[in-house]
Q: 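Mind having a look at this structure? Questions to follow.
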Amino acid sequence: MEFCHYKWEKRESGEDDGNCSTEKLQHNPRLFSLSQWQLILALAIRIFAFGFFPFGDGYSISIWFEGTPQKTVVWTANRNDPPLSRNANIVFTSDGRLVLQELGNQEKSLANATQPAAVASLLDSGNFVLYDSNSTIIWQSFDYPTDTLLPNQLLRVRRQLVSSSSENNHSTGIFRIKMQNDGNIVLYQYAVGIPDTPDYAYWSAVTNFVGNNATLTLDKNGRLYMLNSTGVVVKNITNEVIPSDGKMYRATIDNDGIFRLYSHDLGESGNWSIEWYVPGDVCGPRGICGINGFCDIQNQQAFCTCPPGFVFINQEQMNLGCSRNFTVETCSSKNEHTKYAIQEFQNAILEDTAYALLFSVTKEECNQACLEDCNCEAAFYQNRECRKQKFPLTFWRRTVQGDGYSNATFVKFGIGIDGMVPKDIESKKVLRMDILIIGVACLAFASILLAVFAILIFRYRIWTYKRLSREAATDQGILMEDVSLRAFTYSELEVATNGFAEQLGRGSFGTVFKGTLSNGQRTIAVKRLEKVVVEGEGEEEFRNEMRSIGRTHHKNLVRLLGYCHDSSNRLLVYEYMSNGTLANYLFKSQVKPNWEVRIKIALNIARGILYLHEECETQIIHCDINPNNILMDANGCAKISDFGLAKLLMPDHSKTLTGIRGTRGYVAPEWLKNLPITVKADVYSFGIVFFVNICCRRNIDINAPQDEVILVDWVYDCFKSNQVHRLVPEEVDAESLERMVKIGLWCIEDDPAARPSMKKVIQMLEGTVEIPIPPCARSAVEN
Ligand SMILES: *[C@@H]1O[C@H](CO)[C@@H](O)[C@H](O)[C@H]1NC(C)=O
Ligand SMILES: *[C@@H]1O[C@H](CO)[C@@H](O)[C@H](O)[C@H]1NC(C)=O
Ligand SMILES: *[C@@H]1O[C@H](CO)[C@@H](O)[C@H](O)[C@H]1NC(C)=O
Ligand SMILES: *[C@@H]1O[C@H](CO)[C@@H](O)[C@H](O)[C@H]1NC(C)=O
Ligand SMILES: *[C@@H]1O[C@H](CO)[C@@H](O)[C@H](O)[C@H]1NC(C)=O
Ligand SMILES: *[C@@H]1O[C@H](CO)[C@@H](O)[C@H](O)[C@H]1NC(C)=O
Ligand SMILES: *[C@@H]1O[C@H](CO)[C@@H](O)[C@H](O)[C@H]1NC(C)=O
Ligand SMILES: *[C@@H]1O[C@H](CO)[C@@H](O)[C@H](O)[C@H]1NC(C)=O
Ligand SMILES: CC(=O)N[C@H]1CO[C@H](CO)[C@@H](O)[C@@H]1O
């Protein structure tokens, strides 16, 4: 096989493309028949160009729209490389490689084709392709998108577009849009090490479980849609468009994190016009103003500012966020001269990481509470709740009016000394004067002063030491009180529940009643504990336990608002979950939740358990996860309740127990075998709840045919006989279903060590890791 060795040089600025001979201007010009080019143009329609594009003080190798006045770049090779010098060349070597040669630098590959290429060509679609000698495509730029998707380009599963760092610099920026293998299209913050988890996502097309190997594509009419693995349109992302021949389209994730669909009239000299974009809120892209930075909206654009006392870490790169421009005194070294000022940011929300919550307070009270608490650095006020925060603040932004959050007011407490006037410089001056005076004094009265100082300093130290430790203890006390919850009296709760009139349900730990607080403004659920029988369990221990539960804040956990410990009565006050238990939701509701909803619920539950196991201050093993203590809120979000209660009955998890805890059918085999209980016991219970949830039927259904009575046995049989489709009431994607069944089977492995951690379970549910075939070592444990 013979290959030609051609090269072409970078395009000189201002040089007229018309210099190329007509022979070069053929449709889809083939690189191997040309030499000494400036750039390759897909000239039949004169839309795209490939070659050296001005970048910084040099060039980048790019593909751009030649047919528009803006010369918009759509692809860049080795996008994170520094600008190329004038003497760089693109060389198509005689052995069929496309490389970059630059004086003094190592040769660099531009296309990683596995075989030698015979022909390179820029197609009219803007795709730069390499063919082998049989005219088969062996490499194409469309497979390695940067920030732009062009018509007929496919964004395949697990591929993503990553934004550019600025309009004129196409190195990777801080946002990305990913085609996930669960079929979802998600916008995430981008940086090395940031995983595909909802914590970093800021928009999704909510197309999960459309199926596997789905592909996002843009068609020539500017319509974005998804194809399944067989090439059938399964989901339209943008609405129907009126076909138009005279328009060019591109979909770009811009450097401001917004994914936009643009159009441009062919032959027109105007700008690109925006056809569609997500998210709708310019402050929506997560991380746009970095940590502590506030994203404001000005002229419909995101505008970053720093709170008082903070400055941009880098004025040129506001997404790095803000840092303090003076040192803060810690709570324990509080001195009387420190003053605090407050700045209110209206209609602002942030990622809530409150360390303390106050309920039923006014804005003024919230403001005052933060001012008086030396631990409080900011507070977030919404729905009569005051959430005290510490720096750093994340995802802090102005809300768009009318999105339901607009009533939220963020109250920021700038911290300063003597009313926000930083004294650093002044106090340094004073210090220097002191040194000078002491120096002179020392010369005069050296020995006497030294002796006196020694005694004084020694005494002062002891005194300050004592004072500091006392203060630290008080501060600790304040903090504990804040975090701990409201302590109710029995009669208060009797009134709130109207004499325990309306029973909501009975759980393993007691009966739950509905009630209201603050003159009917807040609905609550009061749980009367009935089985707390640990001998000698004093009020203090009970309160400590309540505090530790009260410190848990997670969107998939039911929040504890307060408690009551009056003589023999122990009651817990929880937020009210209007849509009842998961059990009722699955088995009793008129319209059964669909597959997607059920998967979402499984993820909610898994995230709540993960928080208990790994993310809260002290690890909490739930011990009784079942569909009756998973509750649904008004938005269809599942939340776990009753966590932390097992400890009240059974203070030492590592000891073996005489009675079986937990709910029949949901307990892990180690409970029966008197083995130590670990977090993996919860993973087992989760596995059972998971099957109940995805199969939408009871764990034990006596009305079912005999071999289907016990759900997990039936699941196991169906999995072995390749009939998992029988498990779900509706038609679902077979591969997704099989994956789900495998996840559940891993969770209910007999051997606790073989069960995955909740973190792993979530990764499997999100489809970010492969799921091996479970060993199915489950012996028939009949509880
Ligand atoms: C392009 O942006 C990257 C990342 O922000 C930066 O490191 C690089 O210096 C920039 N290059 C030029 C030529 O401005
Ligand atoms: C080609 O592969 C090399 C080494 O694996 C890598 O450094 C380079 O970024 C790749 N280039 C492209 C264009 O994918
Ligand atoms: C081209 O096709 C022929 C016949 O189909 C085959 O033998 C040969 O290996 C192919 N060459 C390449 C580079 O794929
Ligand atoms: C999805 O793609 C993988 C490899 O990329 C392949 O093994 C699998 O069979 C595909 N699944 C479907 C349903 O096409
Ligand atoms: C997508 O939109 C096209 C054109 O409006 C329509 O024909 C098709 O049925 C839609 N497909 C889906 C899956 O909604
Ligand atoms: C294109 O947009 C830029 C900035 O948005 C503006 O300055 C310019 O006037 C526009 N050009 C045309 C032809 O509309
Ligand atoms: C800190 O920043 C503020 C403006 O935000 C400025 O007025 C003040 O002088 C700065 N203080 C120091 C010590 O740099
Ligand atoms: C919650 O319950 C109400 C009333 O029963 C119902 O109308 C609503 O659809 C439910 N919401 C969800 C998300 O299930
Ligand atoms: C705290 C706050 O801003 N509350 C406002 C919520 O919205 C109502 C009605 O728009 C206002 O009256 C409140 O002042």
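First listed ligand is number 1; within each ligand, the first listed atom is number 1.
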Q: Do any pairs count as a side-chain hydrogen bond (donor to acceptor under 3.5 Å, both in side chains) and have a residue in residues 298-318, sequence neighbours left out, and if so which ones?
A: none
Q: Are Phe395 and Tyr202, when compared by the centres of their aromatic rings, separated by less than 6.0 Å?
A: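 No, they do not, as the ring centres are separated by 6.0 Å or more.
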Q: Does a salt bridge link Arg158 with Asp196, judged by any charged N lying under 4.0 Å from a carboxylate O?
A: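 Not counted as a salt bridge, because no side-chain N and carboxylate O are separated by less than 4.0 Å.
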Q: Does the pair Arg286/Glu351 count as a salt bridge with the N-to-O cut at 4.0 Å?
A: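 So Arg286 pairs with Glu351 through a salt bridge.
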Q: Under the ring-ring contact (aromatic ring centres under 6.0 Å, His included) rule, collect the residues that match up with Phe65, sequence neighbours excluded.
A: Phe48, Trp272
Q: Could you tell me which atoms of ligand 5, counted from 1 in the order shown, lie closer than 4.0 angstrom to a heavy atom of Arg223?
A: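 Near Arg223, meaning under 4.0 Å from one of its heavy atoms, ligand 5 has 1 (C), 2 (O), 3 (C), 4 (C).
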Q: May I ask you to check whether Phe345 and Trp396 place their ring centres under 6.0 Å from each other?
A: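 Yes; Phe345 has its ring centre under 6.0 Å from that of Trp396.
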Q: Quick check on contacts: which atoms of ligand 5 are under 4.0 angstrom from a heavy atom of Val234?
A: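 It comes down to these atoms of ligand 5: 13 (C).
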Q: Please work out whether any backbone atom (N, CA, C, O) or any side-chain heavy atom from C-beta onward of Asn239 is under 4.0 Å from ligand 5, and answer side chain, backbone, both or neither.
A: neither
Q: With sequence neighbours excluded, what pairs up with Phe690 under the ring-ring contact (aromatic ring centres under 6.0 Å, His included) test?
A: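 Phe690 satisfies ring-ring contact (aromatic ring centres under 6.0 Å, His included) with Phe686 once adjacent residues are dropped.
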Q: Enumerate the pairs of nitrogen or oxygen atoms, one from ligand 1 and one from the protein, separated by less than 3.5 angstrom; state names and distance to 0.1 Å.
A:
| from | atom 1 | to | atom 2 | distance (Å) |
| --- | --- | --- | --- | --- |
| ligand 1 | 2 (O) | Ser165 | OG | 3.2 |
| ligand 1 | 2 (O) | Asn169 | OD1 | 3.4 |
| ligand 1 | 2 (O) | Asn169 | ND2 | 2.3 |
| ligand 1 | 2 (O) | Ser171 | OG | 3.1 |
| ligand 1 | 11 (N) | Asn169 | ND2 | 2.9 |
| ligand 1 | 14 (O) | Asn169 | ND2 | 3.3 |

